[in-house]
Structure formats: structure tokens, C-alpha cells
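First comes the structure, then the notes that go with it.
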Amino acid sequence: MSTGPNWGQLPAVVITDVFRYLNFHDRLQASASCWHWRSVLFQAKFFKAVHFDVGRENKRKNTFLIQCLANIASEAKISFDSCNLYDVELATEILYKLSKSTCLLSLSLCPKYATLVTPGRFYSEEEWNYISRLFVEPIKTLLARQNPPLRGLDLGCSEILSLHAADFLNSCSRPQFLRRLEFASVKQDPGHYALTAIEPNLFEKCNSLQWLSLDYDIMCDEFLQTLQLLPLRRLVIHVHGLDGDHPGVSEAAWASFQAANPLVELHLTLVCAYEAVDILHSQILRPSMPLTHLKVLFCERINCDALEYLSRYYKETLRSMIWVDSMRIQEYRNIMELVLRTEQDPLVMMAWRCKKLEEIVIHGYVLDPHNLVGISRLRGKDLKLLEVSRVDLSMPSIMMTPFIEEISTQLDRKWAPLDPKTLPPALGFYPVSDEVRDQYILKYIRNGNILA
């Protein structure tokens, strides 16, 4: 009497072939049939990336992921509460385990806040030693590995880790294989912080680098001349404070950079840059910048001259313009700054002139509904995102209906301004902590346009 095949004793190579035909969910379901099928599941071809979400409640899960995936995944991301010392140390335990992997090609750290809590005072020797021991050394171990060489490193906008950027580059044994480096930061105190020091020549051997993020503090003509030798596709620059001795970057340097890198996208982000926002158009922006994305986050004022500058000089490149502040009107701000109504609304001019513009996001400022209609007519369906939360408050809500309908028609989708009452706390009317604001900033920078 035939008993039929014993599926639990199929050779591993046969089960692997079966798994190849299944999507991820079905593969997990099939692997639950028995221990043998489960053991075949854990192969590098089936688990490219692993995400460690650090926390007491996830400790068992992360232990399992370390045991089963840490040595086979090629990409790893560690998310953790950077204001919780316990979670910080749990994250570094995972980091040390990953530093021994012979398969890992890309590492991303995702601290929840700009602050990284340590036992010592900020910028103290105790803090420096703590960060070096828990974070810097295992990252340097990964970078020093010969085979396979690390391809990507994201420091998660951590201010204290970005100060070690030069150490990381110096420890890299095969910089010619690096494709992505994210060294830009979000500052704990945007008006007072230590400056990152990176010599331009450290990037000379990074001849495969396609994605790079840096703080504006280290940018200068010499630095940009070095970067133009790399095959960059995306350059991300964060602006915070602006030191009076900063040399800036000249128009000639940007023109040379753009000529050498015609396909590069420049993403410029101002983060709590209370002084730099006023001189954005005069000392930071240059006509030859290959600017595709501008984000201005929590700078507490709007610069209409800068908006006008965008529409004049980035007609062929600009794709996204985001200007975000809270709804709260500070006492020192003139309320007329909050109403973008001039003879030529700079947003309308931007919609008219910038042929590739796909995103406009404005929070914290009152907009004229007539001009929003104009923007929608000029961009039409090409405007993938039009997001605002304050429209002229002098107009009764019932009178807004025709405007909303017209904008929806032009965009070819249902549209309405966001309800101010449902905005995230960081964008609301009431004061919030720096941690709440910074958490929103980090999510926005990492994930693009979010409301969470």
C-alpha cells in the first residue's frame, strides 16, 4: 500500500525551488508546515533586508532576527528611541552583532529624535567616548571589512554621529565601492553646535558614490570641485545655522558642478534655520544650482524673495517646494507675513514658470483661494501634490466650495485643504516640545511628505 510522498523529507534544493515561485507572504505560510521547510526559508535570496525596531516589547523578535537573519541580510535598518538610554544600548547590541556579518552591504540608523541620549553632558569627553565605543567602533569595523565592502551608510541625521564622518571615511578599506553616504544631520540646538570637519580629498576615491547628504557648513568651492568628480545622482544639503565666516559656494563652482553632473538632483533642506532663511535668496541659492527639491522646515518665517528666486532660476529643474511651519503665530512675527498676496503671487509664478513642478506643500501660512485655483490651472494633473492647511480665513466656508470644486477638476482628483484640527501636533496652534518637532522633521526628511 502506497503511503505517498513524505513532503517533510523533500531535499532542501527542491523546497528552495518551490519557494522561488511564491511571494513573501505565501512563502512564510508554506514554511510553517514543518521544521524542515522552516529551516530552508532562511536564505539570503529570500531575505534581502531586515528591520530592527528596538524596544522592550520587541526584544524577543529582535533576538530571533539576530539569530536567523543578521548573517544573511544584505540591508539592515535599526530604528530606536534615541532619548531612551535603555533603547540606545539595545540598538548598539544589535549594531555590534551586525558588524560581524559577512553579507551586510548597507546599514541605516533611524533614531527617533535628533538628540542621542548619553550618560555624559552634550559634547563632553564622557559622551564622546560613549558614542565612540557604542556606535563608532562597530561602524568602522563594517567599513574596514574587505569582502564584501560596505556599499551604503546612513547615520539617520544624528548630530553626534555626523561629527565622526571623517573617521568613518578614513576607516573605509574600499571607498571605491561606496554608493550611498548620508552624513547630513538635524541639530539639537540650530543656533549653537560643533562643526563637522571633513577634508574634500576623503571623497576622491569614492568613485562609485551616487547618493550623498551633507551639512551646508562644510560646503565651499573646493569641496564642490571634488564632488563634481563623482558620479552623483543625488546631493542632499542641510542648512541650519550660518556662521559669519562661512565662505559660501560661488555661482562659478555650481556652474562647473552642474556641467560635470548634468543628471544630478540637488535637494536643499533648511531645518530650524532662523537666520539662514532670510538670506536664502542672497547668500545660499545660486542660479546654476541643479535644484530639484527645496524643503524649509520650522524656520518661523516665509521668504517671498526666495520663492520668486525659485521661479526665475529653476524653471527647468524644480520639482518640489515644501515650506512648513506651525500654525502658531509668534508675537514677533508680523501677521502680514502670513498672507501670500502680492501683485504677483510667487507661488503662482512658480507654477507658471517651473515646467517640472510636481509638489507644493505650504503649512502655517494663509493662502488666497483665487491663487490656489490659478496654480491648479497652470499645473493641472502634473501637480501630483498640492497640500495646504490655511486658506483665507475672511471667507465663509460655504464660499470655499466653488474653489475646491474647481481645483479638484483641474487636478483631476478630489482635493480639499487639510483640516487644521487634525494636523500633527508639530504643525498645530499650541507650543510643542523640541522632541515632538524634531520627530516630525526626521520623519519628513526620511519619508518625504507625511502627516503622522
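These values consider heavy atoms only, across backbone and side chains, with no hydrogens, waters or symmetry-generated copies. When a residue number appears, it is its place in the shown sequence, counting from 1.
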Looking at Arg151 and Glu75, does any basic side-chain N land under 4.0 Å from a carboxylate oxygen? no
When you measure from the side chain of Asp325 to the backbone of Cys299, do you find a donor-acceptor pair of N or O atoms at a distance under 3.5 Å? yes
What's the spacing between Ile375 CD1 and Leu378 CG if we round to 0.5 Å? 8.0 Å
Do other residues, nucleotides or ligands put more than 12 heavy atoms under 6.0 Å from the NZ atom of Lys384? yes
Main chain of Leu104, side chain of Arg145: is a donor-acceptor contact present, judged purely on distance under 3.5 Å? yes
Check for me whether the distance between the ring centres of His370 and Phe403 falls short of 6.0 Å. yes
For Tyr313, check ring-ring contact (aromatic ring centres under 6.0 Å, His included) against everything at least two apart and list the hits. Tyr309
Does the side chain of Leu90 reach to within under 4.5 Å of the side chain of Phe52, using non-hydrogen atoms? no
Is a side-chain donor or acceptor of Ser173 paired with a backbone partner of Ala144 at a separation under 3.5 angstrom? yes
d(Leu142 CG, Leu95 CG) to nearest 0.5 Å is 7.0 Å
Using modelled atom types only, decide if a donor and an acceptor are shared between the side chain of Ser408 and the backbone of Ile404 within a distance under 3.5 Å. yes
If I take atom CG from residue Leu383 and atom CZ from residue Arg413, how far apart are they, to the nearest 0.5 angstrom? 6.0 Å
Pair Phe135-Leu116, side-chain contact (heavy atoms from CB on, under 4.5 Å): steps then yes or no: CA-CA 11 Å; Phe135 286 95; Leu116 184 57; 4.0 Å; yes
Identify every side-chain donor-acceptor pair in residues 417-424 under 3.5 Å, counting partners at least two apart or on other chains, and give the distances.
{"residue": "Asp419", "atom": "OD1", "partner": "Lys421", "partner atom": "N", "Å": "3.0"}
{"residue": "Thr422", "atom": "OG1", "partner": "Asp419", "partner atom": "O", "Å": "3.0"}

Atom pair CZ (Arg312) and CG (Leu285), whose distance is rounded to the nearest 0.5 Å: 14.0 Å
For atom CD of Glu275, decide whether the heavy atoms of other residues, nucleotides or ligands shown that lie under 6.0 angstrom number more than 12. no
Under 3.5 Å, is there a donor-acceptor pair between the side chain of Asn261 and the main chain of Arg233? no
Test of understanding: with ring-ring contact (aromatic ring centres under 6.0 Å, His included), list the residues that count as partners of Trp211, not counting sequence neighbours. none
Where the side chain of Ser326 meets the backbone of Ala426, is there a donor-acceptor pair that is under 3.5 Å apart? no
May I have the list of side-chain donor-acceptor pairs in residues 264-272 shorter than 3.5 Å, sequence neighbours left out?
{"residue": "Glu265", "atom": "OE1", "partner": "His267", "partner atom": "NE2", "Å": "3.1"}
{"residue": "Glu265", "atom": "OE2", "partner": "Arg319", "partner atom": "NH1", "Å": "2.5"}
{"residue": "His267", "atom": "NE2", "partner": "Arg234", "partner atom": "NE", "Å": "3.4"}
{"residue": "His267", "atom": "NE2", "partner": "His293", "partner atom": "ND1", "Å": "3.2"}

Do the side chain of Ser213 and the main chain of Ala184 share a donor and acceptor less than 3.5 angstrom apart? yes
Give a yes or no on whether Lys140 atom NZ has more than 12 heavy-atom contacts from other residues, nucleotides or ligands under 6.0 Å away. yes
Under the side chain to side chain contact (heavy atoms under 4.5 Å, CB included) test, which residues partner Gln225, sequence neighbours left out? Asp221
Specify whether Phe168 and His164 have parallel, tilted or perpendicular ring planes, treating 30° as the upper limit for parallel and 60° as the lower limit for perpendicular. tilted
Which residues satisfy the side chain to side chain contact (heavy atoms under 4.5 Å, CB included) test with Leu442, sequence neighbours excluded? Cys157, Val186, Arg446
Closest non-hydrogen contact found for Tyr314 with Arg286 is OH-O, 2.6 Å
Gap between atom CH2 of Trp254 and atom CD of Glu251 - 0.5 Å precision: 10.5 Å
State whether the number of non-hydrogen atoms from other residues, nucleotides or ligands found under 6.0 Å of Arg179 atom CZ is greater than 12. no
Is Lys187 paired with Asp215 through a side-chain N to carboxylate O contact shorter than 4.0 Å? yes
Decide side-chain contact (heavy atoms from CB on, under 4.5 Å) for Val324 and Phe298; before the verdict, give the C-alpha distance in whole Å, the side-chain angles of both, and the deciding distance to 0.1 Å. CA-CA 6 Å; Val324 172; Phe298 299 95; 4.2 Å; yes
Derivation of the side-chain contact (heavy atoms from CB on, under 4.5 Å) call for Phe257 and Leu232: CA-CA 10 Å; Phe257 177 81; Leu232 289 176; 4.3 Å; yes
For the pair Val373 and Arg377, evaluate side-chain contact (heavy atoms from CB on, under 4.5 Å) and give the outcome as yes or no after the intermediate values. CA-CA 6 Å; Val373 169; Arg377 287 176 176 172; 3.5 Å; yes
Between CD1 of Ile362 and CD1 of Ile302, what distance do you get to the nearest 0.5 Å? 5.0 Å
Is any NZ, NE, NH1 or NH2 atom of the basic residue among Asp278 and Arg301 found under 4.0 Å from an Asp or Glu carboxylate oxygen of the other? yes
Is it the case that more than 12 heavy atoms not belonging to Glu222 sit under 6.0 Å from its CD atom? no
